[in-house]
Colleague: 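The structure under discussion is supplied below as structure tokens; questions concerning it will follow.
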Amino acid sequence: MRVHVAEHPLITHKLTVLRDKRTTSPVFRQLTEELLTLLAYEATRNVRVEEVEIETPVTRTMGVKIGEPRPLVVPILRAGLGMLEGMTKLLPTAEVGFLGMARDEETFQPYTYAERLPDDLSDRQCFVLDPMLATGGSLGAAIDFLFARGAQDVTAVCILAAPEGLAAIEKQVGERDVTLVLGALDERLNEKGYIVPGLGDAGDRLYGTV
């Protein structure tokens, strides 16, 4: 498993505002989208491309285009939806699937309540969007789900991660081709399974409490 923590002043600045409890939901949503576009730049560094010949105003030359089959972007509902626009702005030709996953607040174990994905993901590059890698339960289950459908490799994009979640994912994925792109690696989890210092519940801050 490869782990990339994006260290950039703009990312750190936007994260600082996201962490602030005074930041309103509209600003939180806007910054999440902007932050994801920056993280997507790192996450798509190894996206597959195909050579293509084009004609410039001066001459003919070779370039590249996104390869086939097209990448699949999979936000984990509901908080992952807030990351989708930022990702697809950078990768507009990607297809989009959805996984609805939630965490039992007593056991911290994930469960799947909805999915909308192709039945066969053979030879597909998949990008999973999950803002918080806390215990690793939901993200780990999503990664297992995609590989079970035949995915070739999976890149997960997370705004924040805790060391405990990172260790859990590394243990779970084994030799499978998985990359994690993180906005920041925080200190720890608290007794309720929240990232410290973190930013609270990403879904509630994006959309309000349900």
Side-chain angles (χ1 to χ4, degrees), residues 1-6 32 36 39-40 42-44 46 71-84 87 94-196 198-204 206:
M1 186 178 78
R2 295 170 296 278
V3 179
H4 177 78
V5 181
T32 298
L36 253 294
L39 293 177
E42 296 295 338
T44 56
N46 294 316
L72 181 69
V73 177
V74 184
I76 298 179
L77 305 179
R78 66 181 166 129
L81 279 178
M83 306 167 71
L84 180 59
M87 187 75 181
E95 295 182 354
V96 178
F98 298 94
L99 270 178
M101 309 193 79
R103 183 179 71 168
D104 187 298
E105 294 303 325
E106 293 184 0
T107 66
F108 301 153
Q109 295 302 307
Y111 61 91
T112 302
Y113 62 85
E115 67 94 356
R116 187 68 173 177
L117 294 168
D119 291 332
D120 185 7
L121 297 177
S122 298
D123 207 33
R124 298 292 290 270
Q125 287 183 300
C126 297
F127 295 87
V128 181
L129 309 181
D130 192 12
M132 312 294 281
L133 172 52
T135 62
S138 295
L139 182 58
I143 290 172
D144 283 348
F145 199 105
L146 295 173
F147 276 108
R149 291 276 177 99
Q152 175 181 335
D153 62 78
V154 173
T155 297
V157 184
C158 304
I159 295 173
L160 296 179
E164 296 91 333
L166 197 62
I169 295 295
E170 185 171 20
K171 180 179 180 181
Q172 181 173 341
V173 301
E175 298 300 317
R176 292 177 291 181
D177 192 352
V178 173
T179 301
L180 266 59
V181 176
L182 312 175
L185 181 61
D186 276 10
E187 297 173 9
R188 60 183 174 85
L189 294 179
N190 65 15
E191 65 280 357
K192 295 183 179 180
Y194 282 90
I195 299 174
V196 178
L199 50 77
D201 186 297
D204 286 352
L206 279 163

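Excluded from the calculations below are hydrogen atoms, water molecules and symmetry mates; all remaining heavy atoms, backbone and side chain alike, are included.
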Colleague: Only counting residues at least two apart or in another chain, list the ones meeting side-chain contact (heavy atoms from CB on, under 4.5 Å) with L77.
Modeller: L81, F98, Y113
Colleague: To the nearest 0.5 Å, how far apart are CD in E42 and OG1 in T155?
Modeller: 11.5 Å
Colleague: Kindly give the heavy-atom pair with the smallest separation between C158 and L133, and that separation in Å.
Modeller: SG-CB, 4.0 Å
Colleague: Give the minimum heavy-atom separation between R78 and D201, together with the two atoms involved.
Modeller: NH2-OD1, 4.5 Å
Colleague: Can you find a heavy atom in the side chain of L189 that is under 4.5 Å from one in the side chain of I195?
Modeller: yes
Colleague: Measuring from atom CG of D130 to atom CE of M83, what distance do you get when rounded to the nearest 0.5 angstrom?
Modeller: 7.0 Å
Colleague: Given side chains that start at C-beta, do those of L36 and I159 come closer than 4.5 Å, heavy atoms only?
Modeller: yes
Colleague: Let me confirm one number: the CG-SG distance from L121 to C126, rounded to the nearest 0.5 Å.
Modeller: 5.0 Å
Colleague: Restricting to non-hydrogen atoms, name the atom on V5 and the atom on A184 that form the minimum distance, rounded to 0.1 Å.
Modeller: CG1-CA, 4.1 Å
Colleague: Can you give the donor-acceptor pairs under 3.5 Å from side chains of residues 145-153 to other protein atoms, not counting sequence neighbours?
Modeller:
{"from": "R149", "atom 1": "NH1", "to": "P118", "atom 2": "O", "distance (Å)": "3.0"}
{"from": "R149", "atom 1": "NH2", "to": "E115", "atom 2": "OE2", "distance (Å)": "3.0"}
{"from": "Q152", "atom 1": "OE1", "to": "R48", "atom 2": "NH1", "distance (Å)": "2.8"}

Colleague: Can you tell me how far CG of L39 sits from CE of M87, rounded to the nearest 0.5 angstrom?
Modeller: 9.5 Å
Colleague: Measuring from atom CD of E187 to atom CD of E164, what distance do you get when rounded to the nearest 0.5 angstrom?
Modeller: 10.5 Å
Colleague: Working to the nearest 0.5 angstrom, can you tell me the gap between I143 CD1 and L180 CG?
Modeller: 6.0 Å
Colleague: For L206 versus A79, what's the shortest heavy-atom pair and its separation?
Modeller: CD1-O, 3.4 Å
Colleague: Write down the atom of A142, the atom of V128, and the distance for their closest heavy-atom approach.
Modeller: CB-CG1, 4.5 Å
Colleague: What pairs of donor and acceptor atoms, side-chain ones from residues 165-174 against any protein atom, are under 3.5 angstrom apart with sequence neighbours left out?
Modeller:
{"from": "Q172", "atom 1": "NE2", "to": "G140", "atom 2": "O", "distance (Å)": "2.9"}
{"from": "Q172", "atom 1": "NE2", "to": "D144", "atom 2": "OD1", "distance (Å)": "3.4"}
{"from": "Q172", "atom 1": "NE2", "to": "D144", "atom 2": "OD2", "distance (Å)": "2.6"}

Colleague: Could you tell me which non-hydrogen atom of P71 sits nearest to which non-hydrogen atom of F127, and how far apart they are?
Modeller: CB-CE1, 3.8 Å
Colleague: Indicate yes or no: at least one non-hydrogen side-chain atom of P131 is less than 4.5 angstrom from one of T32.
Modeller: no
Colleague: Does some side-chain heavy atom of R116 sit less than 4.5 Å from a side-chain heavy atom of V96?
Modeller: no
Colleague: Are the side chains of V154 and V74 in touch, meaning some heavy atoms are under 4.5 Å apart?
Modeller: no
